[in-house]
Amino acid sequence: MSVADITVEEHLAHDDHEHHEQSFISKYLFTTDHKMIAKQFLLSGIFWAIIGGGLSIIFRLQLGFPDMQLEWLRPILGKWITEGGKLDSEFYLALVTMHGTIMVFFVLTAGLSGTFSNFLIPLQIGARDMASGFMNMLSFWMFVVASIIMFISLFIETGPAAGGWTVYPPLSALPQAIQGSGLGMTMWLVAMVFFIASQLLGGINYITTVINLRTEGMSFSRLPLTIWAFFITAVIGLLSFPVLFAAALLLVFDRSFGTSFYLSEIYINGEALPNVGGSPILYQHLFWFLGHPEVYIVILPALGITSEVISTNSRKPIFGYKAMIGSIMAIAFLSFVVWAHHMFVTGMNPFLGSIFMFLTLIIAVPSAVKAFNYITTLWKGNIVFTPAMLFSIGMVSFFISGGLTGLFLGNSAVDITLHDTYFVVAHFHLVMGSAAFFGMLAGIYHWFPKMYGRMLDNRLGYIHFWLSFVGIYLVFFPLHYIGIAGFPRRYYSFTSFDAFSTFGDLNAFVSIAAIITFGAQFIFIFNFFYSIYRGRKASQNPWKSNTLEWTTPVNPGHGNWPGAIPTVYRWPYDYSKPGAPDDFIPQHIPYSQTPESNLEYEKELAKNEEASKVNEE
Amino acid sequence: MTYLVIGLAVLLVLAILYATFRVATLVGIVKGEGSKNVPSSNKLQASLLVVFLILGLFGFFYYSFGGLDESFVNPIASEHGVATDRLFWITMGLTGFVFVVTQIFLFGFAYKYQFKENGQAHFYPHNDNLEKIWTIVPAIVLAVLIFSGWRTWVDITSSAPEDSEKIEIMGYQYSWAVRYGGNDKKLGDYDYQKIDVVNQSGIDFSDKASFDDFIPTRLYLPKGRPVLLQIRARDVIHSVYQPHFRLQMNAVPGMPTRFWFTPTKTTEEMRVETGNPEFDYELVCNKICGKGHFAMKYMIEVLEPEEYDKWYAEASQNPWLKQNSDYLAHVPEELQELARISSGIDSEEDIESIDNTIASINY
């Protein structure tokens, strides 16, 4: 068997490796160890989350307290605070743009997939490392290059990109239209090119590893749902990110080389531009061909993590394992054929609108199946409320609340009124932003002991959970009302319109809730860094979980398992099996050792195990 | 000095928090919490989830049914708005029901099945019938939503009736320009190359339909008659958005778009209905377009049909070309006569001044 051969070879090579001490640079910086790369992604994700969250607090101050003096921000923002001590209206758009870009791509894509795909894939499928450790390292350092460029763009004189995170041309193509479309936009595009390269390198690695490096017995039907989610996510990313690359490339041409892919019949600043024949709608089609799958790139890993955490802490098998895999695949497939629901009112042919409404609402079916299955998993469980479990329950709650409002927006007739209002903001911040964010936090709380060999503090975890959970609902739920009232998003101020003169109090309330929620994240950050050094020492399997990563030593070294990689005999969800002495049976325990709890067909498998053992001897 | 005091105060608070945290940790170690299977506050967490559910649902119902100071539902002022709002509220009813039920189950189960010392979870890996039910039922409900949504969408986006008022509306940084067809009710061509400081819309005077076009300072609409907005943009993408009309369509440079609808309430009627004597329909830009995006406003006035006709007849007396008679020079030679007649430039001095301009342009 080729799989076995590879692992043996790797094992030998690996033994060789442990003899020499690694330097700081090769251990912590240019490392090829998947666990260290995961931590690198996690730390960069946390860094970006603080920046991205911080930007949102600045614009929430403007929205909640339009009369507030922001002179005190001048040391950070410089000339973007106007003479009168107000936020510059153009920089407001830059803040919104960078908040979106950072959160969607740098935190919830790189920070979430980058961390947990890297960390968990080899550990949970029983592999020594990723298929290509070098490519994995390259993936991280591409991300670093992207990060540096994006970060610098925040500080340049003309400001960072400011055309919204979707950077629709012509606005993003014409520096005459908005300052941010000058150097800031160029840097945005260059950063995104590196980011896409990073995603592709990572994605190819994840896919290859899952297909080729599973340990003996780890068939696809025994993969934990986390791995299924990461696997499918990588496939989606591999198929969709190149399209964003194409969109970005054409935009670069339009901006710098005088082509007219997206530009046509434009008169700006007293000048008629020569470009004719291009279509801004083309960009939107290309962008959303990534942009919509991207939503699932963000949410599927979170759903995978949640599946694992909910099952473990309910002490019950995940309900409908096969249906969960089926719905992940259905969501992945449908995610490629719904993109134009972002474009119902862009002037696209209304017939396309009908088609995309139909396809969009279908995607609600597998999503609903997932939600119902989570709830049924809780039913008749014996639930342990670790912080990770609470974050997972919170994640399901957000997923339902935000998912349901998708039925309004996916309906093209209803979308006419709601498009680009705060209703949309509320919708995606719940279903994609907060849900994915909670999935990520659940993952950190759950796998922290495996990452650092110590436990996070529970008490701080609970405080963090409750402030975040209540806070996020208080921030985003009121936005639905504001959205139904027709308030447009990306508005610096609502003072210009009589129709939007209301809800000043509600906006102030939302801002206060946002500040508290953001502040609560620092409790987590303290807990995180404190526990790395001074947390309680973890035991080998603190959550009594079934998956393979908990069979490694508390602090797994290079190669993960000191001896042979365990063989897998069963699916990962044998929790509370009737007849078993414990309420969990890890994946590497053969059926032949658990005669008391085997189901009918498993008795057959147990016999086969015995037979093959005899053969080997 | 103030900063120093604030800084010290913050430090002090952080130090106290840290000390509290350390003490609590030590107490936890003494109590031996680390060795327990289940967090000691397991029961508290379960209870808090239910408290959250109850308070959350209370807040949801309270604020959805009148708890807010202001109404969040805009009165409808168009025919299709009635249909889209009906769909909106049907969807709201369905999703609201599912929302409440699923959240109750989610938090309710979490509370009910919290860890018990001798408890045993029920090994329940799947149930095909159950899963079929919650695949098929949502599918049917969604099919109904899709079908009704599709019917409404097709009606709204169908071609405008022949007799609809055709009005051009153009977005630019950061306002709107509207143009009416004038006496012949036909909008003349435009060409973005012909835009200049005065001819902001780029009216193309080689098209004879353009001679009597007029450009008012507000968007006037007749109540009860279908209106077709012919939408375009001059620089970047904008979006024609009017919440009361439930109307939205992007304005795209290089790609004209359209939206037709029938206003059902005059500005006066809305003033009475909303109880706000200052009420005016406002045209909103709803696609990020730059620094002034948030202030890109244009006033709309809906008139009774008779009033509208009267206004239209008056406005037609004053086409754009008449107001800017210099632009007769842009009219091709053979159409000059026609242009004078249809735009109403006929007085002697007008002609003289035009001849002068033509002369000055020729030299």
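A, B, ... follow the sequence lines: proteins, then strands. Residue 1 opens every chain.
With a 4.5 angstrom heavy-atom cutoff, A:Tyr530 touches chain B only via side-chain atoms. In this structure, chain B has no heavy atom under 4.5 Å from any part of A:Leu263. Of the two parts of A:Asp457, only the side chain, counted from C-beta on, holds a non-hydrogen atom closer than 4.5 Å to a non-hydrogen atom of chain B.
Ranked by non-hydrogen atom pairs under 4.5 Å with chain B, the options A:Ile400, A:Leu93, A:Ile178 are led by A:Leu93. For the options A:Phe465, A:Phe385, A:Tyr492, A:Phe358, heavy-atom pairs under 4.5 Å to chain B are most numerous at A:Phe385. The most heavy-atom pairs under 4.5 Å with chain B, out of A:Pro350, A:Gly353, A:Pro488, come from A:Pro350. Comparing A:Phe487, A:Phe500, A:Tyr374, A:Phe91 by how many heavy-atom pairs each has under 4.5 Å with chain B, the most go to A:Phe500.
Residues A:Gln176 and B:Val236 fail the side-chain proximity criterion, which asks for heavy atoms closer than 4.5 Å. Counting heavy atoms from C-beta outward, A:Ser264 and B:Tyr192 have side chains that stay 4.5 Å or more apart. Residues A:Pro478 and B:Tyr63 have side chains not in contact (no heavy-atom distance under 4.5 Å, counting atoms from C-beta outward).
With sequence neighbours left out, the ring-ring contact (aromatic ring centres under 6.0 Å, His included) criterion links A:Phe319 to B:Tyr124, B:Trp134. With sequence neighbours excluded, the residues satisfying side-chain hydrogen bond (donor to acceptor under 3.5 Å, both in side chains) with A:Asp420 are A:Arg489, B:Lys287.
Residues of residues 39-47 of chain B lying under 4.5 angstrom from chain A, judged on non-hydrogen atoms, are B:Pro39, B:Ser41, B:Asn42, B:Gln45, B:Ala46 by number. Identified by a heavy-atom distance below 4.5 Å to chain B, the contributing residues of residues 267-274 of chain A are A:Tyr267, A:Ile268, A:Ala272, A:Leu273, A:Pro274, in residue-number order.
Note on ring orientation: taking the six-membered ring where Trp is involved, the planes of B:Phe52 and A:Trp466 are tilted (angle from 30° to 60°).
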